[in-house]
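Take a look at the structure below.
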There are 2 protein chains.
Amino acid sequence: MDEKIISARTLRRLPVYLHYLNSIQDHCRNISATAISEEFGLNDVQVRKDLNAVSGTGRPKTGYVVTELIAQIESVLDCRTESKTVLVGAGNLGKALLSYEGFRDFGLNIIAAFDNSPTICGTLVNGKPVLPLTDLETVCREKHIQLGIITVPASQAQEICDRLAACGITAIWNFAPTILRVPAGVLVENENLASSLAILSKHLRAEKGGAPT
Amino acid sequence: MDEKIISARTLRRLPVYLHYLNSIQDHCRNISATAISEEFGLNDVQVRKDLNAVSGTGRPKTGYVVTELIAQIESVLDCRTESKTVLVGAGNLGKALLSYEGFRDFGLNIIAAFDNSPTICGTLVNGKPVLPLTDLETVCREKHIQLGIITVPASQAQEICDRLAACGITAIWNFAPTILRVPAGVLVENENLASSLAILSKHLRAEKGGAPT
DNA sequence: TCCTGATCGTTAAACTTTTCACAATTGGAA
DNA sequence: TTCCAATTGTGAAAAGTTTAACGATCAGGA
């Protein structure tokens, strides 16, 4: 029952801390929030509050025990538990994500991909089967899929999202450049590459045209 | 000189609006902020304030002229202007991004990729050359590269970031699960897939173990 | 033993973003 | 023409996030 409410902002920083802690655990027993904050250019109180949300075992003058902190963050993030996943939309981006092995480190296991193009259906991408979209519901229900990755065009994203939610999927990773509406209890995480590019593009434009302040 | 300060949050929503406006422009002359807000499940005042940041030409009872709005958002985002880009780290994720053609729509032009693995250097990925990392500075300076995509492991990300910044690159798209420190004037946009997975994973865990509220 | 300084944890202040409340405007119908 | 309902735009409140201030704690040396 020591479940504290962790803000999304904090949750996003935890994997960053975790990665850093793993990288230093061989040669550091203890680490202070101040040191972490300096490593990443953050405010030290912010780091302390983030760590407090998962730990609360820091000691003055010493800091935190690195291995404890790692265990506590891993427990909160729960990367060890495998998340059964389907990917919908085996276009360029979809295939790219299917080919990316890095997700395994975070417990993501893509069982199958779906697409409605007959030319790609039936093929394997990185050893993972691409199935016709009509099979989506059957597979999701039978395999007890928990997470869905959406890489279809924005115009179809909401429909796919509805179908996934109807199969009992409660977490959706959306790469389409749109905002999805979901029933209560379903979480959508938007990985909107267009939004990121908008920020970068705006910055480049400001650099060129305007004040270089 | 009608440059208003646009918050990053607003800027992230603009591409979403833009995509939607493009999809309706054939059958709608006008659109109200209220309608947009309902489409995406946002607050109507928020949409109105977002649109105000780029336009300010809404009329009571009518709303906004779709084509005007599109032109204004496109002008702010400036997706039409090509951004010369390099990608550093041609591993799985790097190759996946190189293969993704969707970036062209946003004005992103990846000129070359860099890696220090001899087996991949000299090859082409999706028609783009993979060059040895030692050539990074030369190419960036000669081709006047503006944007750098970092897809190397977290442990090398800061070093690559420093090298890119030293070549005059002012915008960095970071896919490594770490926070980068950059000189003033350089913008880092983090696309931290680990952070996103952390959010999703936490949600799945909460669903299973705890209160389904 | 006692002091010093690093570090933690917490409360309050500053800042940012979102939501609420409401007056002002406008097109269209009665 | 007059009224109504839809819609905008804005100032203020609310909610959320980050930063600052400060007392409490503790390891290590004098």
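Residue numbering restarts at 1 for every chain, and letters A, B, ... go by the order of the sequence lines.
The distance from atom OH of B:Tyr64 to atom CD1 of B:Ile31, rounded to the nearest 0.5 Å, is 11.0 Å.
Residue A:Asn52 has a polar side-chain atom (N or O) positioned under 4.0 Å from OP1 or OP2 of C:dG9. For D:dT8, the OP1/OP2 oxygens have a side-chain nitrogen or oxygen of B:Thr34 closer than 4.0 Å.
In summary, of the residues considered (A:Asn116, A:Asp115, A:Val152), a side-chain contact (heavy atoms from CB on, under 4.5 Å) with A:Leu133 occurs for A:Asn116 alone.
Distance CD1 (B:Ile179) to P (D:dT18): 11 Å, rounded to an integer number of Å. Atom CG of A:Asn30 and atom P of C:dC8 are 10 Å apart (whole Å). Atoms CG (A:Asp50) and C1' (D:dT19) sit 13 Å apart, rounded to a whole Å. Rounded to an integer number of Å, the gap from A:Gln46 CD to C:dA14 P is 19 Å. Between the CD1 atom of B:Ile31 and the C1' atom of D:dT7 there is a distance of 12 Å, given to the nearest Å. Between the CG atom of A:Leu51 and the P atom of C:dT10 there is a distance of 13 Å, rounded to whole Å. B:Ile5 has its CD1 atom 15 Å from the P atom of C:dC15, to the nearest Å. Across the protein-nucleic acid pair, B:Arg13 atom CZ and C:dT17 atom P stand 9 Å apart, rounded to whole Å.
At a threshold of 4.0 angstrom between heavy atoms, the contacts of A:Arg48 include nucleobase atoms, whether or not backbone atoms are also involved.
A donor N or O paired with an acceptor N or O is not found under 3.5 Å between the base of D:dT8 and the side-chain atoms of B:Lys49.
Checked for salt-bridge contact, B:Glu137 and B:Arg141 miss the test: no charged N lies under 4.0 Å from a carboxylate O. The pair B:Arg29-B:Glu68 fails the salt-bridge criterion, with no side-chain N (NZ, NE, NH1 or NH2) lying under 4.0 Å from an Asp/Glu carboxylate O.
Relative to the side chain of A:Lys61, the nucleotides D:dT7, D:dC26, D:dA20 differ in distance, and D:dC26 lies closest. Checked against D:dT10, D:dA27, C:dT10, the side chain of A:Thr62 finds its nearest nucleotide in D:dA27. Among D:dT10, C:dT7, D:dT7, the nucleotide with an atom closest to any side-chain atom of A:Ser32 is C:dT7. Of all nucleotides listed (D:dA6, D:dC26, C:dA21), D:dC26 comes nearest to the side chain of A:Arg59. Among the nucleotides D:dT18, C:dT26, C:dT19, the one closest to the side chain of B:Pro60 is C:dT26.
Comparing A:Arg9 and A:Tyr64 by the nucleotide of DNA chain C that holds the closest heavy atom to each, the one mapping nearer the 5' end is A:Tyr64.
Between B:Phe40 and B:Tyr20, the ring-plane angle classifies as perpendicular under the 30° and 60° cut-offs.
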